[in-house]
Amino acid sequence: MNFRKRQEDFERSYLSPYATLSSKSRGRKIPEEKCSVRTDFQRDRDRILHSKAFRRLKHKTQVFIAPEGDHYRTRLTHTLEVAQIARTISRALRLNEDLTEAIALGHDLGHTPFGHTGEQVLNELISNGFRHEEQSLRVVDVLEQGKGLNLTWEVRDGIKNHTTRGNPATLEGQVVKLSDWIAYINHDIDDAQRAGILKPNDLPKELIVILGQKHGQRIDTMIKDVIATSFGQPFVRMSDEIYDATRKMREFMFENVYVGSAAKTQEEKAKTMLKLLFEYYIRHPEAMPSEFIKIAEEENVERAVVDYIAGMTDGFALKKFRDIFLPLSWPLEI
């Protein structure tokens with residue numbers, strides 16, 4: 001029995017007319033033989049999940065650089081929260097949950113060490129600027145396994161367009177874009193309260209009345225609003241009231257957490273470290289692993305250095321900095 005075809009038949013009979021059918025995918029850059037068990041979007045999800053870039057997310061900062069505690073979010077836990085929220089919304093709207101999950105799991109693969117701090121540094125240093133969504137696409141197209149993952153067009157589109165700058169072509173991509181917003185605003189509030197940067201009563205009262213006092217209440221409000229507003233429609237969005245409240249909560253977080261708070265005390269150190277690493281590898285590309293030396297030769301040195309640094313975890317970047325710039329102890333012979 002061909003289980004893939006049975007799943008494709010189910011999608012055609014059950015999913016919304018606005019859903020993206022796996023059997024109607026625009027395909028891959030390099031054609032491949034179909035799997036007899038998994039749809040194309042399920043294969044993409046699995047390729048992302050088993051990639052080295054995905055595993056590295058567990059050691060990359062979300063907001064808090066080098067926090068002392070086991071319960072702060074990392075880039076990996078953020079990704080999993082986005083995937084959970086996105087799957088809930090997609091399931092309720094009868095969209096393609098496999099496509100949604102694949103986009104969600106891959107959307108931050110190109111994020112730098114030390115969160116958006118690293119992204120800002122690379123954006124300032126390179127001639128064409130740096131955007132993590134574009135780097136995420138480069139990871140799945142080029143860098144992973146030395147040849148890319150050869151994902152479908154729909155997953156690649158969703159990854160590239162998941163930020164506020166993007167405009168996803170599929171409703172599943174639109175779901176991930178909103179879910180990313182819902183996840184990081186709420187879990188960053190949770191982490192900031194855990195760190196003592198925010199107290200429960202610090203959140204604007206007029207927004208709490210609309211969205212909810214507790215972490216779970218706010219997420220529940222936002223998810224249900226997206227579903228109610230978007231069900232049976234050719235778009236995915238929040239109602240005007242919830243969108244406005246969510247946007248104002250995001251602005252509150254920028255003013256009180258993301259910029260100038262105790263959460264950012266290590267930011268300047270991280271910036272200096274990444275700048276020095278960038279300058280060092282620009283001068284010494286031969287010090288990078290062979291796959292990046294190859295990129296330097298085939299494309300250019302700057303591109304190779306960006307790929308190398310963007311792929312580093314926080315701990316690996318710290319180790320390379322210590323190895324290159326800090327003096328090592330040595331035994332004294334008597």
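- Both Phe278 and Tyr280 are members of a single hydrophobic cluster when ILVMFWY side chains are connected at heavy-atom separations under 4.5 Å.
- Within the structure, the salt bridge (Lys or Arg N to Asp or Glu O under 4.0 Å) test picks out the following pairs touching residues 217-231 (sequence neighbours left out): Asp220-Lys224.
- Proximity of a side-chain donor or acceptor of Asp141 to a complementary backbone N or O of Gly148 within less than 3.5 Å is not detected.
- Take Asp307 and apply the side chain to side chain donor-acceptor pair (under 3.5 Å) test, not counting sequence neighbours, and it matches Gln135, Arg138, Arg303.
- In this structure, CG on Leu149 lies 11.5 Å from CG on Asp46, to the nearest 0.5 angstrom.
- Thr221 approaches Ile210 most closely through the heavy-atom pair CG2-O, 3.8 Å.
- Remark: Arg237 is positioned above the aromatic ring of Phe235, its terminal NZ or CZ atom under 6.0 angstrom from the ring centre and at most 45 degrees off the axis.
- With a 4.5 Å cut-off on side-chain heavy atoms, Ser136 and His107 do not count as touching.
- Side-chain atoms of Ser230 do not come within 3.5 Å of backbone N or O of Ile227 as any donor-acceptor pair.
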Q: List the steps, then state whether salt bridge (Lys or Arg N to Asp or Glu O under 4.0 Å) holds for Arg4 with Glu8.
A: CA-CA 6 Å; Arg4 171 183 54 79; Glu8 290 173 348; 3.1 Å; yes

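- Annotation for Ile48 and Phe54: closest pair O-CB, 3.2 Å, computed over non-hydrogen atoms.
- Taking 4.0 Å as the cut-off between side-chain N and carboxylate O, Glu297 and Lys294 do not count as a salt-bridged pair.
- Looking at Thr61 and Asp314, their side chains do bring a donor and an acceptor atom within 3.5 Å of each other.
- Applying the salt bridge (Lys or Arg N to Asp or Glu O under 4.0 Å) test to pairs two or more places apart or on separate chains, those with a residue in residues 102-121 are Arg75-Asp108.
- Annotation for Ser179 and Ile89: closest pair OG-CD1, 3.8 Å, computed over non-hydrogen atoms.
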Q: Would you please test Asn161 and Asp157 for side chain to side chain donor-acceptor pair (under 3.5 Å) and show each step?
A: CA-CA 6 Å; Asn161 291 293; Asp157 172 81; 3.0 Å; yes

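- Other residues, nucleotides and ligands contribute more than 12 heavy atoms inside 6.0 Å of the CG atom of Leu326.
- Hydrophobic clustering, with ILVMFWY side chains joined whenever heavy atoms are under 4.5 angstrom apart, keeps Trp153 apart from Ile103.
- Note that CE of Met249 is 8.5 Å distant from CD of Glu206, once rounded to the nearest 0.5 Å.
- When side chains are defined from C-beta on, Met253 counts as touching Leu198, because their heavy atoms get closer than 4.5 Å.
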Q | salt bridge (Lys or Arg N to Asp or Glu O under 4.0 Å) between Arg165 and Glu133, intermediate numbers included | A | CA-CA 10 Å; Arg165 296 181 286 262; Glu133 66 270 27; 2.8 Å; yes

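- In this structure, Ala310 and Lys60 approach most closely via the heavy-atom pair O-NZ, 2.8 Å.
- Between Ser22 and Asn96, the closest heavy-atom pair is N-ND2, 3.8 Å.
- Closest approach of Ala104 to Val82, counting heavy atoms only: CB-CG1, 4.1 Å.
- Scored by the side chain to side chain donor-acceptor pair (under 3.5 Å) test, Thr20 finds Glu172 as partners (sequence neighbours excluded).
- For Phe252, the CZ atom is densely surrounded, since the number of other residues' heavy atoms within 6.0 Å is greater than 12.
- Put simply, CD1 on Ile219 and CG on Leu211 are 11.5 Å apart, with the number rounded to the nearest 0.5 Å.
- Residues that satisfy the salt bridge (Lys or Arg N to Asp or Glu O under 4.0 Å) test with Arg91, not counting sequence neighbours, are Glu97.
- Between Gln145 and Lys52 there is no side-chain heavy-atom pair separated by less than 4.5 Å.
- Between Leu171 and Leu93, every side-chain heavy-atom pair lies at or beyond the 4.5 Å cut-off.
- The existence of a salt bridge linking Arg47 and Glu32 is confirmed by a sub-4.0 Å separation between a basic side-chain nitrogen and an acidic carboxylate oxygen.
- Going from atom CZ of Phe254 over to atom CG of Asp188 covers 9.5 Å, rounded to the nearest 0.5 Å.
- Cluster partners of Tyr14, using a side-chain heavy-atom cutoff of under 4.5 Å among ILVMFWY residues and allowing indirect links, are Phe10, Leu15, Leu21.
- Contacts of Lys319 classified as salt bridge (Lys or Arg N to Asp or Glu O under 4.0 Å), with partners at least two apart in sequence or in another chain: Asp323.
- Without hydrogens or angle criteria, Gln217 side chain to Lys214 main chain gives a donor-acceptor distance under 3.5 Å.
- Classified by interplanar angle (parallel below 30°, tilted 30° to 60°, perpendicular above 60°), the ring pair Phe292/Tyr308 is tilted.
- Residue pairs meeting the salt bridge (Lys or Arg N to Asp or Glu O under 4.0 Å) criterion with at least one partner in residues 11-25, sequence neighbours excluded, are Asp9-Arg12.
- Under the rule for a side chain to side chain contact (heavy atoms under 4.5 Å, CB included), the partners of Ala53 that lie at least two apart in sequence or sit in another chain are Ser51, Arg56, Leu109, Val139, Glu144.
- Criterion: ILVMFWY side-chain heavy atoms under 4.5 Å apart, direct or through other members. Under it, Leu203 and Tyr243 are part of a common hydrophobic cluster.
- With respect to the salt-bridge test (charged N to carboxylate O, under 4.0 angstrom), the residues Arg87 and Glu101 qualify.
- With sequence neighbours left out, Lys269 forms a side chain to side chain contact (heavy atoms under 4.5 Å, CB included) with Gln266.
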**Q.** Arg250 and Tyr184: CA distance, side-chain angles, deciding distance, side chain to side chain donor-acceptor pair (under 3.5 Å) verdict
**A.** CA-CA 9 Å; Arg250 181 176 182 267; Tyr184 81 70; 2.6 Å; yes

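- In this structure, CD1 on Ile223 lies 12.5 Å from CD1 on Ile242, to the nearest 0.5 angstrom.
- Within the model, atoms CZ of Arg194 and CD1 of Ile189 stand 13.0 Å from one another, a figure rounded to the nearest 0.5 Å.
- Checked against Asp44 for a salt bridge (charged side-chain N to carboxylate O under 4.0 Å, His left out), the options Arg28, Arg38, Arg156 give a single hit: Arg28.
- For Lys248, the side chain to side chain donor-acceptor pair (under 3.5 Å) test picks out Asp244, with sequence neighbours left out.
- Every residue two or more places apart in sequence or in another chain was checked for a side chain to side chain donor-acceptor pair (under 3.5 Å) with His59, and none qualifies.
- The aromatic rings of His111 and His132 lie parallel to each other, their planes meeting at an angle below 30°, with 60° marking the opposite boundary.
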(Q) I'd like to know whether Glu154 forms a side chain to side chain donor-acceptor pair (under 3.5 Å) with Thr170, so could you lay out the CA-CA distance, the side-chain angles of the two residues, the decisive distance to 0.1 Å, and finally the verdict. (A) CA-CA 7 Å; Glu154 291 79 8; Thr170 67; over 6 Å; no

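- Within the 3.5 Å criterion, the main-chain N or O of Ser25 finds no donor-acceptor partner in the side chain of Asp40.
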(Q) Asp98 vs Gln7, test: side chain to side chain contact (heavy atoms under 4.5 Å, CB included). Steps then yes/no. (A) CA-CA 11 Å; Asp98 296 321; Gln7 177 64 28; 4.3 Å; yes

